[in-house]
Amino acid sequence: MKTNGALGKLGKISYAIYFAGQLCFYCLVGVFVSTYMTDIGIPLAAVGLILVIARVWDAINDPIFGIIVDKTKWKSGNKYLPWIKISTGLITATSIALFLCPSGLPTGMKTAWVGIAYICWGMSYTMCDIPIYALPTGMTDDVKERSVIISFGRIACTIAGGFITLLFPILRSNLGWTATGLLFSIIGGLLMIPAALNIRENSKTASTNNLHLSEMLTGVLKNKYLLIYYSAYMLSGCLNFATVTSLYFARYCLGSEAKASLVSLCTMIPSFVIMVIVPMAIKKFDKFRIYHTCLIIATVLGFARYFAGYENEALFYTLLVTQGIFSSVTAMLTFMFTPDFVEYGVFKNGATGSGIMFSIQTFTSKLVSAISGALGVALLGFFGFQTGENAIQTATAVNGIWVCTALAPTIGTALAAIILFTYKLRDKNVQIMAEANNGKITREEAINQLAKMGWKESLDSMEEDFIVARNEEMLKEAK
């Protein structure tokens, strides 16, 4: 593995547990903040307003921060680690500030306190999220090792998520919001510190300090594989209404809200099995082929589960677990492709900002969450769903819940799988591009190797784009 001394076992462990710490903050604030706000007496309308303002701004500031990452030049020569060091302290401080709000304050003051703290927390989370996903591009130029590094982070998220899901309700009910918030904030911050101490950036990266905003945006728009992949991701994610309807499905279709925990368990168990297999698999096989194959199989099983129905619970849970095996693979691999888009962009255009590309990853993730929630609620309304915990639903509404839970997400993955047939970027191609980008081989040698591999994209066109970008850069430097 071509780590250039940047990554050993301690570095891998540090990178992984960083994600466990980050998940502490995400679960504490990202998941439970609305419940916290209503519990301390902030009116529901004010809670809704805070969430809308914070999440809209959160989506907007992702590309803004991506540009800042690309334009900032640190004395250390590092590109991502300084942001990780800064954000670790900021996200800990803003989380603590959020949960230190005195419940006895007047309603207006509480609303302002929590609203400002929550928006600041969201900006701190963005500041740590983009650099940590981009960091593997500065740790190693070995494409497969990058994927393995990111997979360790996903494994840590899976493990931490399981523990937090079990522990948080118990701790909160016994300790209250303030003590629980302080505890998770401190634990999260401590888990994030080792990454700042034990990881170094050694790989060369293309300079983007002199790029204008228009050039960065053009680099994104010219990156065809980034556009293909995230178009498929957004289409699939925007139709995934299962998170909106999970409790409704258990309550009205399975007959008991308590069965929502059983459904979650059936989807969680495969994740613990798959997290051991995926790092080994991506060392030996092309990760996109694994991803696309599992997406297709999960789609087929999704349609089978929908048409089989939920009346036969034994069959329902069997299909749920089986589909979960393949869905867990795609979930772990989802965010492993952005480093490839960075290398492709640099190879194609000469110098393309990596920060803004990783901001597309976080931006689309947040946008998908917002859209799927709004569409899911709207679709339930279309089927005549009645609000209220004890409301009686019509047969049409119950069927609508099942459509939103099983059919709509499957249609989304089917459409994504179809779009991804046009995705031709493979690990072996990216490895050659990375070696050329880092000066280990010449660009001419890289083009010859890609041609021998049967690279489908026009190499003449790529060379022309590269020459144009280089000429523009030289002209700008001359001026």
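At a threshold of 4.5 Å between non-hydrogen side-chain atoms, the residues Leu98 and Val33 count as touching. Considering only heavy atoms from C-beta on, Pro270 stays 4.5 Å or farther from Phe326 through its side chain. Looking at Leu407 and Phe303, their side chains come closer than 4.5 Å, going by heavy atoms from C-beta outward. Side-chain contact between Ile96 and Leu182: present, with at least one pair of heavy atoms (C-beta onward) separated by less than 4.5 Å. Taking 4.5 Å as the limit, some side-chain heavy atom of Trp57 sits within range of a side-chain heavy atom of Met123. Using a 4.5 Å heavy-atom threshold, the side chains of Ile441 and Ile432 count as touching. Using a 4.5 Å cut-off on side-chain heavy atoms (C-beta onward), Phe335 and Ser365 make contact. Side-chain contact between Tyr18 and Ile193 is absent, with no heavy-atom pair separated by less than 4.5 Å.
In this structure, the separation between CE on Met332 and OG1 on Thr330 is 11.0 Å, given to the nearest 0.5 Å. The CD1 atom of Ile411 sits 8.5 Å away from atom OH of Tyr306, with the distance rounded to the nearest 0.5 Å. To the nearest 0.5 Å, the span separating CG on Leu295 from CD1 on Ile290 amounts to 13.5 Å. Once rounded to the nearest 0.5 Å, the distance linking CE of Met336 with OG1 of Thr334 reads 8.5 Å. Separating the CD atom in Glu435 from the CG atom in Asp142 is a distance of 8.5 Å, to the nearest 0.5 Å. Here the straight-line distance linking atom CG of Leu450 with atom CZ of Arg443 works out to 9.5 Å at 0.5 Å rounding.
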### Message
Let's go through Val29 and Thr94 carefully: what are the C-alpha distance in whole Å and the side-chain angles of both, what is the deciding distance for side chain to side chain contact (heavy atoms under 4.5 Å, CB included) to 0.1 Å, and is it a yes or a no?
### Response
CA-CA 10 Å; Val29 181; Thr94 53; over 6 Å; no
#### Entry: Check against side chain to side chain contact (heavy atoms under 4.5 Å, CB included), Phe25 and Met192
CA-CA 11 Å; Phe25 291 112; Met192 293 168 74; 3.4 Å; yes
### Task
Determine, step by step, whether Cys404 and Phe249 satisfy the side chain to side chain contact (heavy atoms under 4.5 Å, CB included) criterion, reporting the C-alpha distance in whole Å, the side-chain angles of both residues, the deciding distance to 0.1 Å, and the verdict.
CA-CA 9 Å; Cys404 291; Phe249 172 70; over 6 Å; no
### Query
What do the steps show when you test Ile64 against Ile68 for side chain to side chain contact (heavy atoms under 4.5 Å, CB included), and what is the final call?
CA-CA 6 Å; Ile64 293 174; Ile68 293 173; 4.2 Å; yes
#### Entry: Test ring-ring contact (aromatic ring centres under 6.0 Å, His included) applied to Phe99 and Tyr36, step by step
CA-CA 9 Å; Phe99 288 96; Tyr36 164 67; 4.6 Å; yes
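Between the side chain of Lys144 and the backbone N or O of Ile282 there is at least one donor-acceptor pair closer than 3.5 Å. Under the 3.5 Å distance criterion, the side-chain polar atoms of Lys440 are left unmatched by any main-chain donor or acceptor of Asn437. Using modelled atom types, no side-chain atom of Asp427 and backbone atom of Asp286 make a donor-acceptor pair closer than 3.5 Å. In this structure, Ser14 contributes its side chain and Leu10 its backbone to a donor-acceptor pair below 3.5 Å. Judged by distance alone, the side chain of Ser87 and the main-chain N or O of Ile84 form a donor-acceptor pair under 3.5 Å. Judged by distance alone, with hydrogens and angles left aside, the side-chain atoms of Asn78 form no donor-acceptor pair with the main-chain N or O of Leu81 at under 3.5 Å. For Ser95 (side chain) and Thr92 (main-chain N/O), no donor-acceptor pair under 3.5 Å exists by modelled atom type.
Partners of Gln323 under the side chain to side chain donor-acceptor pair (under 3.5 Å) rule, at least two apart in sequence or in another chain, are Arg305. Among residues two or more places apart in sequence or in another chain, the side chain to side chain contact (heavy atoms under 4.5 Å, CB included) test is passed with Ile17 by Ile13, Pro194. Here Ala20 pairs with Ala156, Ala160, Leu191 under the side chain to side chain contact (heavy atoms under 4.5 Å, CB included) rule; sequence neighbours left out. Listed by chain and number, the residues in a ring pair (Phe, Tyr, Trp, His ring centres under 6.0 Å) with Trp74 are Trp83 (sequence neighbours excluded). Legend: residues meeting side chain to side chain donor-acceptor pair (under 3.5 Å) with Ser185, ordered by chain and number and at least two apart, are absent. Take Leu171 and apply the side chain to side chain contact (heavy atoms under 4.5 Å, CB included) test, not counting sequence neighbours, and it matches Leu167, Leu175, Thr180, Leu183, Phe184. Thr405 meets the side chain to side chain donor-acceptor pair (under 3.5 Å) test with Thr245; sequence neighbours excluded. Partners of Thr442 according to the side chain to side chain donor-acceptor pair (under 3.5 Å) rule, which considers only residues two or more places apart in sequence or in another chain, are Glu445. By the salt bridge (charged side-chain N to carboxylate O under 4.0 Å, His left out) test, Lys259 is found to be paired with Glu313, residues two or more places apart in sequence or in another chain being considered. Remark: Ala54 engages Tyr118, Ile119 in a side chain to side chain contact (heavy atoms under 4.5 Å, CB included) (not counting sequence neighbours).
Shown here for Leu333 and Lys287, the closest heavy-atom pair between the two residues is CD1-O, 3.8 Å. The heavy-atom pair separating Cys238 from Val368 by the smallest distance is N-CG1, 4.0 Å. Smallest separation of non-hydrogen atoms from Phe363 and Pro63: CD1-CD, 4.3 Å. Here the closest non-hydrogen pair linking Leu320 and Cys266 is CD2-CB, 3.6 Å. The minimum heavy-atom distance between Val148 and Pro279, with the atom names listed, is CG2-O, 3.9 Å. Gly412 approaches Leu239 most closely through the heavy-atom pair CA-CD1, 3.7 Å.
Of the residues listed (Leu425, Asp340, Val346, Val143), the one engaging Met433 in a side-chain contact (heavy atoms from CB on, under 4.5 Å) is Leu425, and it is the only one. Of the listed residues (Tyr344, Tyr230, Phe288), just one forms a ring pair (Phe, Tyr, Trp, His ring centres under 6.0 Å) with Tyr225, and that residue is Tyr344.
Judged purely by distance below 3.5 Å, without hydrogens or angles, the side chains of Thr338 and Tyr229 never pair a donor atom with an acceptor atom.
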Under 3.5 Å donor-acceptor pairs involving side-chain atoms of residues 125-134, not counting sequence neighbours:
| residue | atom | partner | partner atom | Å |
| --- | --- | --- | --- | --- |
| Thr126 | OG1 | Asp58 | OD1 | 3.2 |
| Thr126 | OG1 | Asn61 | OD1 | 3.1 |
| Thr126 | OG1 | Asp62 | OD1 | 3.1 |
| Thr126 | OG1 | Gly122 | O | 3.2 |
| Thr126 | OG1 | Lys366 | NZ | 3.1 |
| Asp129 | OD1 | Gln22 | NE2 | 3.2 |
| Tyr133 | OH | Arg154 | NH1 | 3.1 |

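Sorted by first then second residue, the side chain to side chain donor-acceptor pair (under 3.5 Å) pairs that include residues 289-304, not counting sequence neighbours, are Thr299-Thr413.
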